[in-house]
Peer 1: 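If you scroll down you'll find the structure; I have some questions about it.
Both ligands and their constituent atoms are indexed starting at 1 by order of listing. These values consider heavy atoms only, across backbone and side chains, with no hydrogens, waters or symmetry-generated copies.
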Amino acid sequence: MCGIMGYIGPRDAAGIVLGGLECLEYRGYDSAGVALAEGHKIGISKCVGSVANLKAQLAKNALSGKMGIGHTRWATHGGVTRENAHPHVDPDGKVVLIHNGIVENFHELGEEFSKKGVRFASETDTEVAAFLISSLYKDDPLLAIREACARLRGSFAFVILFSDIDDRYYCVRKGPPLVLGAAAGEAFCASDVTALLPYTHDILFMEDDEIAELSTEGIALYGFDGTRKEARTKTVDWDASMTSKGMYPHFMLKEIEEQGSVLRKTLTGRIGNADEGGSGEESAGKGGIDLNAEFPFSEENARSFRRVHLVACGTSCHAAAVAGRLADKFTGLDVRVEAASEYRSGSVICDAQTLAIFVSQSGETADTLAAARQARAKGARCLAVTNAVNSSLARELGAVLELRAGPEIGVAATKTFMGQLAALTLLVLWIGKRKGNLSREKELRLTEELARLPMKLEKILGQGETLRKMAESYKDAFGFLFIGRGASHAIGMEGALKLKEISYVHAEAHAAGEMKHGPIAILDVHLPVVAIAPKDDLYEKTLSNIQEARARNAPIIAVASEGDEDIRRFSNDCFFVPGTENELTPFLTVVPLQLFAYHLASILGREIDRPRNLAKSVTVE
Ligand code: F6R
């Protein structure tokens, strides 16, 4: 949450900082601001609304400088006002600060300072932090920052300018992510690697409790105790072009359409090519799953697992729920799927015989990180399934299965969901295989079909216009009820979430069999029911639920398997997906739901890539 960008070097800092903020706007977009240092003079410009508003403001009152910092905000403390927008300056004007995170003891500190007569201009925790640093600053900025950090509780990523220092700026990380990059005579910081890709691919991922000094000489890294640390960098192979919309009107549409290629990448090298034979020892013979190189636990460890926990938030939790169904069927383990925010606050049985899988696109979600830390402390074998191999989750757990989806910019997750389905399916089947619960014949059938799925996805993606027309005919709907059974229930939850997030139309999802226990009461002609009813083992039961809904005059939109003529009779609209193995239907049924949500939001004129109240990476609890 909140996007941060900083620069020092020979170029115009304003352009670089604003460009970075535009790239990071998916992290927050209720207000934006920059501070530009020209010698010892620091100019600040900030406003409510998007970075485009800030650019327009700067076009009228230009600021320049060779060092600058900028922020795009997702409000936590204090409403969305210009006063609360970052950067913040301490009341003495010595320190200019931008911040991502929450300073938990800011009330306590604010009161202490107010008693001394300090008057704050905003309601934010950030301004209090700026004053704390300023009050401790004599002539050693590093010392002042270290002393301030010792007094602050909570989580924070800070970028700091000192008004009497024009050749350096400072970054602090305790919690929310900050990445740094240096090129000849330049040094950058940002909250996400995507903003640095136009300048460098050699990235320093700051760890917690680190302070960095950035100057034209490069990056000097320190611990909170003041010791100098090695400025380690990693090369990121993402391309800057991956972060552009290209010809698409929205990132979300681009990312939905990339799902065929994402699936191919996620599967590559992990399933043997049926024609060429498997690549790993385990998959000797044709086809087969091969996670030998990536599965971080020994054969012995794997055999000792009794439980598998799948823990995540939001869309990632829906992917986990799909995988949970598969794990029930193939692993023979006691399976638990839970939202990270709940998992971390319960007394979950979790020990060395537990495989705890944490699923997170960003690898920075605060609740998922906290849940993972807790499971690790209890001795569980923990694994991160993430798109960000250098994220906090991946680094802390040290055991990672990568999605390989490339950067996802749209706030509503789509292609990373596809990557999660693929990675988790492989993982669960791999465990099933090691546990002796997956027959060779079934393994081959599933992997051969997995390899065919990208083509089938592309066939669905070619029918965007059908889904646009369908969305058009439901644009006045009062809300939507999604139903499905088993993994299709999880897909219903994902469909409902996508719709809510970007169209702001009410949508809820229920297990189809639960409808009679309450939700059926809300059905009438104004409430369309979206039924996810592929031809699988649960099809007939779902069909009965569709008939029950129809009997209450609810319009029915069915997502069904090609060739299913029966379902037409009970539905107002049907969208057919190609047939596949029963266990793999979620890969196909989710796509029409993403496109339906996208088109409905577009018809309703919503800000699709920047839905209200949301931010892509939820780094606060
Ligand atoms: C929905 C969405 C969110 C995220 C959730 C977890 O479209 O994007 O629900 O799935 O905030 O984020 P990650 O996967 O980064 O942990």
Peer 1: Using a plain distance cutoff, I'd like to know if Thr368 has any nitrogen or oxygen under 3.5 Å from a nitrogen or oxygen of ligand 1.
Peer 2: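 Checking ligand 1 against Thr368, no N or O pair falls under 3.5 Å apart.
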
Peer 1: Among protein heavy atoms, which lies nearest atom 11 (O) of ligand 1, and at what distance?
Peer 2: Val618 CG2, 4.0 Å

Peer 1: Tell me whether Thr414 reaches ligand 1 (any heavy atom closer than 4.0 angstrom to a ligand atom).
Peer 2: no

Peer 1: If you define the side chain from C-beta out and look only at heavy atoms, does anything of Ile357 sit under 4.5 Å from His309?
Peer 2: no

Peer 1: What's the shortest distance from atom 3 (C) of ligand 1 to any protein heavy atom, and which residue and atom give it?
Peer 2: Thr315 N, 4.0 Å

Peer 1: Ligand 1 and Lys498, any nitrogen or oxygen pair closer than 3.5 angstrom?
Peer 2: yes

Peer 1: Just list the side-chain donor-acceptor pairs under 3.5 Å for residues 476-492, sequence neighbours left out, or say none.
Peer 2:
unit_1: Arg485; atom_1: NE; unit_2: Asn545; atom_2: OD1; d: 3.1
unit_1: Arg485; atom_1: NH2; unit_2: Asn545; atom_2: OD1; d: 2.9
unit_1: His489; atom_1: NE2; unit_2: Ala511; atom_2: N; d: 3.2

Peer 1: So for ligand 1, is Ser362 a polar contact partner (N or O within less than 3.5 Å, distance only)?
Peer 2: yes

Peer 1: Show the atoms of ligand 1 that are less than 4.0 angstrom away from any heavy atom in Val411.
Peer 2: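 Under 4.0 Å from Val411, ligand 1 has these atoms: 7 (O), 8 (O).
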
Peer 1: Count the heavy atoms of every other residue, nucleotide or ligand shown that sit under 6.0 Å from CD1 of Ile349, and state whether that count exceeds 12.
Peer 2: no

Peer 1: Would you say Trp238 and Ile203 make side-chain contact, with heavy atoms under 4.5 Å?
Peer 2: no

Peer 1: In the protein, which heavy atom is nearest to atom 5 (C) of ligand 1, and how far is it?
Peer 2: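 For atom 5 (C) of ligand 1, the nearest protein heavy atom comes out as Cys313 O, 3.7 Å.
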
Peer 1: By ring pair (Phe, Tyr, Trp, His ring centres under 6.0 Å), which residues pair with His250, not counting sequence neighbours?
Peer 2: Tyr598

Peer 1: Around atom 12 (O) of ligand 1, find the nearest protein heavy atom and jot down its residue, atom name and distance.
Peer 2: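 Here the nearest protein heavy atom works out to Thr365 OG1, 3.4 Å.
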
Peer 1: Quick one: do Glu22 and Lys245 make a salt bridge, cutoff under 4.0 Å?
Peer 2: no

Peer 1: Which pair of non-hydrogen atoms, one from Cys350 and one from Thr354, has the smallest distance, and what is that distance?
Peer 2: CA-OG1, 3.6 Å

Peer 1: Within the distance-only criterion (no hydrogens, no angle test), does the side chain of Asp609 pair as donor or acceptor with the backbone N or O of Gly410 below 3.5 angstrom?
Peer 2: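 No, because the side chain of Asp609 does not come within donor-acceptor range (under 3.5 Å) of the backbone of Gly410.
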
Peer 1: Has ligand 1 got any nitrogen or oxygen that is less than 3.5 angstrom from a nitrogen or oxygen of Gly363?
Peer 2: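 No.
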
Peer 1: Short list, please: which atoms of ligand 1 are under 4.0 Å from a heavy atom of Glu501?
Peer 2: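 Near Glu501, meaning under 4.0 Å from one of its heavy atoms, ligand 1 has 1 (C), 2 (C), 7 (O).
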
Peer 1: Atom 14 (O) of ligand 1: which protein heavy atom is closest, and how many Å away?
Peer 2: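 Atom 14 (O) of ligand 1 sits closest to the protein heavy atom Ser316 OG, 2.5 Å.
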
Peer 1: For ligand 1, which atoms sit closer than 4.0 Å to a heavy atom of Ala412?
Peer 2: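 Counting atoms of ligand 1 from 1, those under 4.0 Å from Ala412 are 7 (O).
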
Peer 1: More than 12 foreign heavy atoms under 6.0 Å from CZ of Arg336: is that the case here?
Peer 2: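 For Arg336, atom CZ is crowded (more than 12 foreign heavy atoms under 6.0 Å).
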
